[in-house]
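To start, the structure under review is shown below, and the notes come after it.
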Amino acid sequence: MPELVLVCTNPDQLLGVITTMVELLVMVYERGSISALQESFPIFVLTTNAIYFQRFCQIFIEKIEEAILFARLTNYLWPDIMPQIVCKLLRGVTIQTALRQGSGKNRVYKPGPSGRSQITGTDAVTSAYCTKILAGRGAWFEEAVYGSATRVEFDKALVNLVTNFLGQLLAFDSQGKFRALTVG
């Protein structure tokens, strides 16, 4: 089992990822490893663009509770084990994103220049551990200053909004004529 998984999907694929995470958790439980979550269940870092983390944490918890209801998981997860499970879901917010080619269902994302990613959405110990692993692999990761993943997601959205706005202002000359403009 990997100790960390970077989830780099399109936003509309995240629900399937959460479902798969719960299925993996059920497998861990069936193998009798639920009490040793540090070794038996990876950390998942959601890196998809959008403001969604709080909602997907709720969905994750709801899907776990559904698995408990249908006796696929033990009903003894609360109060000790459930926080250990939920803290395995983190948010990685990258200010400099990948390069996109195409649009709609035909879009393809390719790695762009290195950019800083902030890890947030969990307890300080898990966040620090995750940041250490990723930074040790040569990635530019750091712990977010804010405790709220939504705040970090919103800050990124503001950066994108301002950048897009400035780009639109620069794309029109003084006579109001449009000219193609690229970041390069």
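Residues: numbered from 1 along the sequence shown.
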Pair I133-Y129, side-chain contact (heavy atoms from CB on, under 4.5 Å): steps then yes or no: CA-CA 6 Å; I133 291 171; Y129 180 69; 3.2 Å; yes

Nearest 0.5 Å, please: how far is [atom2] in [Y] from [atom1] in [X]?
X	Y	atom1	atom2	answer
C130	I43	SG	CD1	5.0 Å
I64	Y29	CD1	OH	14.0 Å
I85	M21	CD1	CE	10.0 Å
R55	E62	CZ	CD	5.0 Å
L77	I68	CG	CD1	4.0 Å
F60	I18	CZ	CD1	6.5 Å

Donor-acceptor side-chain pairing of T122 and S127 below 3.5 angstrom: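 Note: T122 and S127 side chains miss the donor-acceptor criterion.
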
Pair T126-K88, side-chain donor/acceptor within less than 3.5 Å: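 T126 vs K88: no donor-acceptor pair found between side chains.
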
Quick check: closest heavy atoms across [X] and [Y], and the distance to 0.1 Å?
X	Y	answer
R91	A50	NH2-O, 2.9 Å
P42	L4	CB-N, 4.2 Å
L24	F44	CD2-CZ, 4.0 Å
V28	S40	CG2-O, 3.2 Å
T120	S148	OG1-C, 3.8 Å
F53	A149	CD2-CB, 3.4 Å

Of T9, N10, D12, the residue whose pairing with T48 passes side-chain hydrogen bond (donor to acceptor under 3.5 Å, both in side chains):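 For T48, the side-chain hydrogen bond (donor to acceptor under 3.5 Å, both in side chains) check succeeds only for T9.
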
K63/L15 under side-chain contact (heavy atoms from CB on, under 4.5 Å): CA gap, chis, key distance, verdict: CA-CA 10 Å; K63 285 187 168 286; L15 188 55; 3.9 Å; yes

Check the hydrophobic clustering (I, L, V, M, F, W, Y; side-chain heavy atoms under 4.5 Å; chains of links allowed) and say if [X] and [Y] are grouped together.
X	Y	value
I59	W78	yes
M1	F41	yes
V45	I51	no
V125	L90	no
L169	V162	yes

Report yes if some heavy atom in the side chain of [X] is under 4.5 Å from a heavy atom in the side chain of [Y]; otherwise report no.
X	Y	value
L134	W140	no
R72	E30	no
K156	V152	no
I34	L25	yes

Residues T94, Q118; criterion side-chain contact (heavy atoms from CB on, under 4.5 Å); working and verdict: CA-CA 6 Å; T94 304; Q118 294 187 331; over 6 Å; no

Any donor-acceptor pair under 3.5 Å from Q54 side chain to T150 backbone: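 Here the side-chain-to-backbone pair does not exist.
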
Candidate pair V93 and I119, rule side-chain contact (heavy atoms from CB on, under 4.5 Å), full reasoning: CA-CA 7 Å; V93 179; I119 298 295; over 6 Å; no

